[in-house]
Structure formats: C-alpha cells, structure tokens
There are 2 protein chains.
Amino acid sequence: MDELKRQFVEDFGLYFESTGLTRMEGRIIGWLLICDPPHQSMGDLVEALGASKSSISVALRTLVTLYLIEQVRVPGERRDYYRASSDMWTRSFRARMHQLIELRDLAEHGLTLLAEMPKAQRKRLELMRDMNDFLAQEFPKLLDRWDEIKREKGYD
Amino acid sequence: MDELKRQFVEDFGLYFESTGLTRMEGRIIGWLLICDPPHQSMGDLVEALGASKSSISVALRTLVTLYLIEQVRVPGERRDYYRASSDMWTRSFRARMHQLIELRDLAEHGLTLLAEMPKAQRKRLELMRDMNDFLAQEFPKLLDRWDEIKREKGYD
DNA sequence: CGGTTTGTTCGGTCAATACCGAACACTACG
DNA sequence: CGTAGTGTTCGGTATTGACCGAACAAACCG
C-alpha cells in the first residue's frame, strides 16, 4: 500500500474513532473502500494494514455485527472474504437516528421527574423532547428521498 | 438531589460519554436541564454532582467553549453562574452536520487517489460522497423548519 | 488419521484520559 | 494591604480499552 493510501486509511481510522468505533475498525472500512479487489481476506487485511491477526479478527466481527461490512463465503474455499456493505451508510445513518430517539426518551423521562414543577421549569426538557421528536420523524423521510436519488443515479 | 434525579443525571453522563464528551460534561448538562433554579454556580454543581471543583471547572470550560452552556455573570456578584444554552440542541445538531461534511471530503480525497481506476472501483466512494453530500444539503433545511416550528410553539 | 491453513480466544502490555486533591492565582471588599 | 471567597492549574492515580503475540480450536487436505 502506498503512502497516500495509508494516509487515507489512517484518516478513516481517526474519523471512526471519533464516532465511537475503534481506530482499527475505521481503518478496515477505509481500506475496504479503496482496495482492489473490493473483497479481502483476513490475511489480505493483516498485510495491508500491518496489524495483528487478532486485532483484525475482533474488528471484523464487530463490523459484521453492525452490518457495516459483509462476510462473503466462497464455496470450495477455506478463506472468508469481507467487503464494504452496499448499505453501510444508510446503516450508520439509522444508528444516528436511534440516538435521537434515545435523547427524546431521556427528555420524556426527565419530564416525569419534573411532573409537579411549574411550566417554566419544564420548558427546557420540552424543547429537547420536541426537537428530537421532530428530527426522529424527519430522518426516515430523508432516507427515503436518498433511496430515490440513489435509484435515479443508478447505484445498486 | 434525590435518587431519581441522580439516575437521570447519570443517564445523561452515559449518553454524552457515548457521543464523545466526557461523563462529567454529560452529568452537568443533565443537571442543568432539571435543576431549580436553572442557573447554577460552580459550588452548586460541586455539591449536586458530588464531584471535585477541578473536574467541574474543566468540564464547564469545555461546555462553554462548545456553546452548550452559557456563563452568566451577575454584576456585583463574585460568583459566575451557568445554565443550559437555549440553542444547545441546534448547536450539537450543527456539529453533526459538520461530521457529514468531513465524510464527504474524505470520499473526495479517496476519489483523487483512485483517479486512474475504472468506474467500478470508484463506485464505492462515489456513493459515499453523494449520500453525505445530499444529507449535508438537507440538514440545514431541517434546522430551518425546526426553527419555524419552535416559533409556532412559542419557544425562544 | 497427521498436517496445513484459517480463524478465535486469552493474558499481558501500553497509552490515553477522566477524575481528584492540593497548591496556586485572581478578585473584591473590609 | 490582608483576608475571604472563587476559580484554575498541576501532579498523581486509577481505570479503561485497544492492540499484540501466542496458544488454542476448527476446517479441510493428503
């Protein structure tokens, strides 16, 4: 892997680390987006990323669990291959949607705690709930529109 | 602080820890959303959260820097007060918007690396770029619509 | 049934960092 | 100027967790 690609992969690592995944998981995603061919075995990844088998192994499992990458089993071959999921971005977008719902629920919970308090006290939490509720309703519509555009553009 | 509120505050700590802030910062935000009065001094926070002055101090500074809370200086008083920003949720939403732009830029960067490669190789990154571009364009519109709703509801 | 290739699990190490207590700085007022 | 009251900075501690190497397991071949 040349220096520029290594940099690209490292940037991915840093980005995904900032979003809650591990750096290694981010690196794998980055690499799977630029590698040739697009599917890679564990051995390929060990070599390309210069990481240990064990680190790659656990990172791969996590990413598969999150549906961010797909495991490709070739019949007759011992090796498994991995590739970036075609819907990985909508997946992670949905995960963010879920965070909005968490926030809305937190606000609801707080409002029950302040049930006896005057309106002015409760306003902070009502604002929080309503905003996250609004966004949680709008996000799926955005996804639908994106699917539409994707089809128009001839992806998939 | 009673047990239920402590739980609420702790939930906030965990939530914000999962988004990249520290647990203490999350606890402060949680507390500032349910406390009475809505503005609190450092001493109030030290007592309410049972944390050290130093931890509170650095957490407050971070939150102020991020515009998630506001510092209220009362003339004639030595103490500073802090309260949850009225626009804290739009602030953090904008921060997420910025993450989309980062992703789009990462994709662009990758595409320059694959400039010589055939279309099929580049497709993964084009999809990534286009989706994040789409969302980065739509998010501000969502915020505008939310502002509208907020005004109708009589917040602000 | 050995032996080779592939993948997982485990123990240990190292780095990062959240938090604390204490020392230090600043401010306002007597 | 001195003294409370208020806020920041610093060193140390303890926890967390990402990563590695090696041992282990499992699958497939001769």
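Remember, predicted model here, so these are calculated numbers, not experimental data. Each chain gets a letter, A, B and so on, in the order its sequence line appears, and its residues count up from 1.
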>> Just checking B:R91: does its CZ atom have more than 12 heavy atoms from other residues, nucleotides or ligands closer to it than 6.0 angstrom?
In response: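 Buried by this count: over 12 neighbours within 6.0 Å.
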> Near A:Y81 OH, under 6.0 Å, is it more than 12 heavy atoms from other residues, nucleotides or ligands?
Replying inline: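 Yes.
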>> Would you say the rings of A:F139 and A:F134 are close, in the sense that their centroids are separated by under 6.0 Å?
In response: no
> Closer to the 5' end of DNA chain D via nearest nucleotide, is it A:E77 or A:A51?
Replying inline: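 On the 5' side of the pair lies A:A51.
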Within this structure, what is the [atom1]-to-[atom2] distance between [X] and [N], rounded to whole angstrom?
{"X": "B:L49", "N": "C:dC19", "atom1": "CG", "atom2": "C1'", "answer": "13 Å"}
{"X": "B:E17", "N": "C:dA18", "atom1": "CD", "atom2": "P", "answer": "9 Å"}
{"X": "B:L21", "N": "C:dT17", "atom1": "CG", "atom2": "C1'", "answer": "14 Å"}
{"X": "A:Y82", "N": "C:dG7", "atom1": "OH", "atom2": "C1'", "answer": "8 Å"}
{"X": "B:M24", "N": "D:dT16", "atom1": "CE", "atom2": "C1'", "answer": "16 Å"}
{"X": "A:D80", "N": "D:dC28", "atom1": "CG", "atom2": "C1'", "answer": "13 Å"}
{"X": "A:Y81", "N": "C:dT6", "atom1": "OH", "atom2": "C1'", "answer": "12 Å"}
{"X": "A:R73", "N": "C:dT6", "atom1": "CZ", "atom2": "P", "answer": "15 Å"}

>> The test is side chain to side chain contact (heavy atoms under 4.5 Å, CB included); show your working for B:V64 and B:Y82 and say whether it passes.
In response: CA-CA 9 Å; B:V64 168; B:Y82 299 88; 4.0 Å; yes
>> Within residues 26-46 of chain B, which residues have any heavy atom lying less than 4.0 Å from an atom of DNA chain D?
In response: B:M42
>> Is any side-chain heavy atom of A:N132 closer than 4.5 Å to one of A:I101?
In response: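 No, too far: nothing below the 4.5 Å cut-off.
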> Applying the side chain to side chain donor-acceptor pair (under 3.5 Å) test to A:R83, which of A:E70, A:Q71, A:H39 qualifies?
Replying inline: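 Running side chain to side chain donor-acceptor pair (under 3.5 Å) over A:E70, A:Q71, A:H39 with A:R83 returns exactly one hit, A:E70.
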N/O-N/O pairs, protein side and nucleotides 22-27 of chain C side, under 3.5 Å:
none

>> Checking contacts here: which listed nucleotide (D:dC19, C:dC19, C:dT8) is nearest the side-chain heavy atoms of A:R61?
In response: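 The nucleotide sitting nearest to the side chain is C:dT8.
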> Looking only at side-chain N and O atoms, does B:S55 come under 4.0 Å of OP1 or OP2 in C:dC19?
Replying inline: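 No, outside the criterion.
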> Just to confirm, is there a sub-4.0 Å distance from OP1 or OP2 of C:dT9 to any side-chain nitrogen or oxygen of A:S57?
Replying inline: no
>> The criterion is side chain to side chain contact (heavy atoms under 4.5 Å, CB included); which residues satisfy it with B:S54, sequence neighbours excluded?
In response: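 B:S54: side chain to side chain contact (heavy atoms under 4.5 Å, CB included) contacts with B:S52.
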>> So, taking the atom named CG in A:L106 and the one named CD in A:Q99, what distance separates them when rounded to the nearest 0.5 Å?
In response: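 Here the interatomic distance stands at 11.5 Å.
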> With distance as the sole test, does B:D2 use its side chain to make a donor-acceptor pair with the main-chain N or O of B:K5 at under 3.5 Å?
Replying inline: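 Answer holds: yes.
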